[in-house]
Number of protein chains: 2
Amino acid sequence: MKIESRLQSAGLRATPKRIAIGGLLFDGCDRHVTADDVSILARESGIRVSLATVYNTLNQFVSAGLMKRITLDTDRTYFDTNVSEHHHLFFEENGVLHDIPGHSIRVEGLPEAPNGAKVRSVEVIVRMTGDKQ
Amino acid sequence: MKIESRLQSAGLRATPKRIAIGGLLFDGCDRHVTADDVSILARESGIRVSLATVYNTLNQFVSAGLMKRITLDTDRTYFDTNVSEHHHLFFEENGVLHDIPGHSIRVEGLPEAPNGAKVRSVEVIVRMTGDKQ
DNA sequence: GTGTTTGCAAAGTGTTTGCAATTTA
DNA sequence: TAAATTGCAAACACTTTGCAAACAC
């Protein structure tokens, strides 16, 4: 789908920076990026965009359901273009992150949600050591 | 076990601040605390300790294997007195965290560790909405 | 006595925000 | 033209660090 339409169906105006950043990220691959990654990626592609705008844009993409925020590490936030239910394999040594498809893992024995509460997500994080990625 | 001996068996000198902070945390209950929680807890108990020392002490406890660091949220680090293998139920609205015993959950279908890599941990995080705790 | 610990203030890092200028519908 | 977006710099929150004084062994 064209970036512009994708933004619009998600309720976001198709502005130049959103189109540019979206163009870098929504290319069909599953991408795990930090704001800094995007900033560098943009610069390398000749796109001028401030870091603040990168943050704002990524946050808007998350709110609009175009990306997922992943917390693995206190000092950087990963943004994931794969918004389907899935899990993560994280190599702590080098920060490399791989997806584990949601359907390949089964979690059994989850506790019941207390009354009034709802399960928002079940995430499995497999942390690895050793720098093979 | 006495705090002093516990610190010493973990290879830490039994200094006043470590004894004081350890005394607040290692009371047999499973506790999830942030550095700020500990700082407040200490003040309430009449223990004078700087926030820097709270951070240093918690990090030393983690390195010594007396606590576990839990990452759920980019902007605060939780420290857990439960060092056994277990999982977490996290109420995002109010930051409340509950343990799920490791043996009650089974994760099936985990991918193989690539050669040279080793699984350090498998964490399941169940995120809840709704402010029932 | 020697090396570790502690507190303070300062530095550091990743992220958000206020505001003026610009752009979009 | 009214409302949203963008960039910049400043603000922010959490965490770590450098250094001098105090302390443990």
Side-chain angles (χ1 to χ4, degrees), chain A residues 3-5 7-24 32-43 46-64 66-80 95 97, chain B residues 2-24 32-43 46-64 66-80 95 97:
Chain A
I3 302 291
E4 285 87 336
S5 340
L7 290 170
Q8 275 155 358
S9 352
L12 295 174
R13 270 156 70 156
T15 66
K17 304 300 155 125
R18 287 188 191 139
I19 294 169
I21 294 175
L24 293 172
H32 303 111
V33 293
T34 63
D36 216 55
D37 292 339
V38 174
S39 176
I40 292 168
L41 224 70
R43 194 172 314 122
I47 299 165
R48 271 196 81 254
V49 61
S50 72
L51 187 57
T53 298
V54 169
Y55 272 107
N56 291 336
T57 303
L58 289 173
N59 285 330
Q60 289 151 2
F61 285 178
V62 170
S63 305
L66 295 173
M67 297 188 86
K68 253 183 162 173
R69 183 192 303 272
I70 310 173
T71 305
L72 293 163
D73 194 316
T74 321
D75 47 53
R76 55 190 149 183
T77 300
Y78 290 86
F79 294 86
D80 192 341
L97 189 55
Chain B
K2 246 179 109 210
I3 302 291
E4 286 86 335
S5 339
R6 193 191 272 243
L7 290 170
Q8 276 153 358
S9 351
L12 294 174
R13 270 154 72 155
T15 66
K17 305 299 155 125
R18 288 188 190 140
I19 294 169
I21 294 175
L24 293 172
H32 302 110
V33 293
T34 64
D36 214 57
D37 292 338
V38 174
S39 175
I40 292 169
L41 224 72
R43 192 171 315 121
I47 299 166
R48 272 196 80 252
V49 60
S50 71
L51 186 56
T53 298
V54 170
Y55 273 106
N56 291 335
T57 304
L58 289 173
N59 285 331
Q60 290 151 3
F61 285 179
V62 170
S63 304
L66 295 172
M67 298 188 85
K68 252 183 164 174
R69 181 192 304 272
I70 309 173
T71 305
L72 292 163
D73 194 316
T74 321
D75 46 52
R76 55 190 147 183
T77 300
Y78 290 87
F79 294 87
D80 192 341
L97 189 55

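Reminder, nothing fancy here: chain letters follow the sequence lines and each chain counts from 1.
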Rounded distance (Å) that lies between atom [atom2] of [N] and atom [atom1] of [X]:
X	N	atom1	atom2	result
L12(B)	dC23(D)	CG	C1'	16 Å
D75(B)	dT16(C)	CG	P	9 Å
Q60(B)	dT5(C)	CD	C1'	8 Å
I19(B)	dT6(C)	CD1	P	9 Å
E4(B)	dT5(C)	CD	P	15 Å
I47(B)	dG7(C)	CD1	P	11 Å
L51(A)	dA9(D)	CG	P	13 Å
D36(B)	dC14(D)	CG	C1'	9 Å

For R13(B) and Q8(B), which I'm curious about, is there any donor-acceptor pair between the side chains at under 3.5 Å?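 No donor-acceptor contact under 3.5 Å links the two side chains.
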
Will you find, in the side chains of D37(A) and T34(A), an N or O donor that is under 3.5 Å from an N or O acceptor? yes

Which sits closer to the 5' end of DNA chain C, T15(A) or N56(A), going by the nucleotide each is nearest to? N56(A)

Is any side-chain N or O of [X] closer than 4.0 Å to OP1 or OP2 of [N]?
X	N	result
T77(A)	dT15(C)	yes
S50(A)	dG7(D)	yes
K17(A)	dT23(C)	no
R48(A)	dC8(D)	yes

Any [X] side-chain heavy atom under 4.5 Å of [Y] side chain:
X	Y	result
F79(B)	V38(B)	no
T71(B)	T77(B)	no
I19(A)	L7(A)	yes

Counting heavy atoms from C-beta on, name the nucleotide in [options] closest to the side chain of [X].
X	options	answer
R18(B)	dG7(C), dT6(D), dT5(C)	dT5(C)
A35(A)	dT15(C), dC14(D), dT15(D)	dT15(C)
T74(B)	dT17(C), dT17(D), dT15(C)	dT15(C)
R13(B)	dT15(C), dG3(C), dG7(D)	dG3(C)

Could you identify the nucleotide paired to dC23(D), looking across every strand shown and requiring Watson-Crick or G-U wobble geometry with both distances under 3.5 Å?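 WC or wobble partner is dG3(C).
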
With sugar-phosphate meaning primed atoms plus P, OP1 and OP2, does N59(A) contact a base, only sugar-phosphate, or nothing at under 4.0 Å between heavy atoms?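 Sugar-phosphate only.
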
Nearest nucleotide by nearest heavy atom, which residue falls closer to the 5' end of DNA chain D, Q8(B) or F79(B)? F79(B)

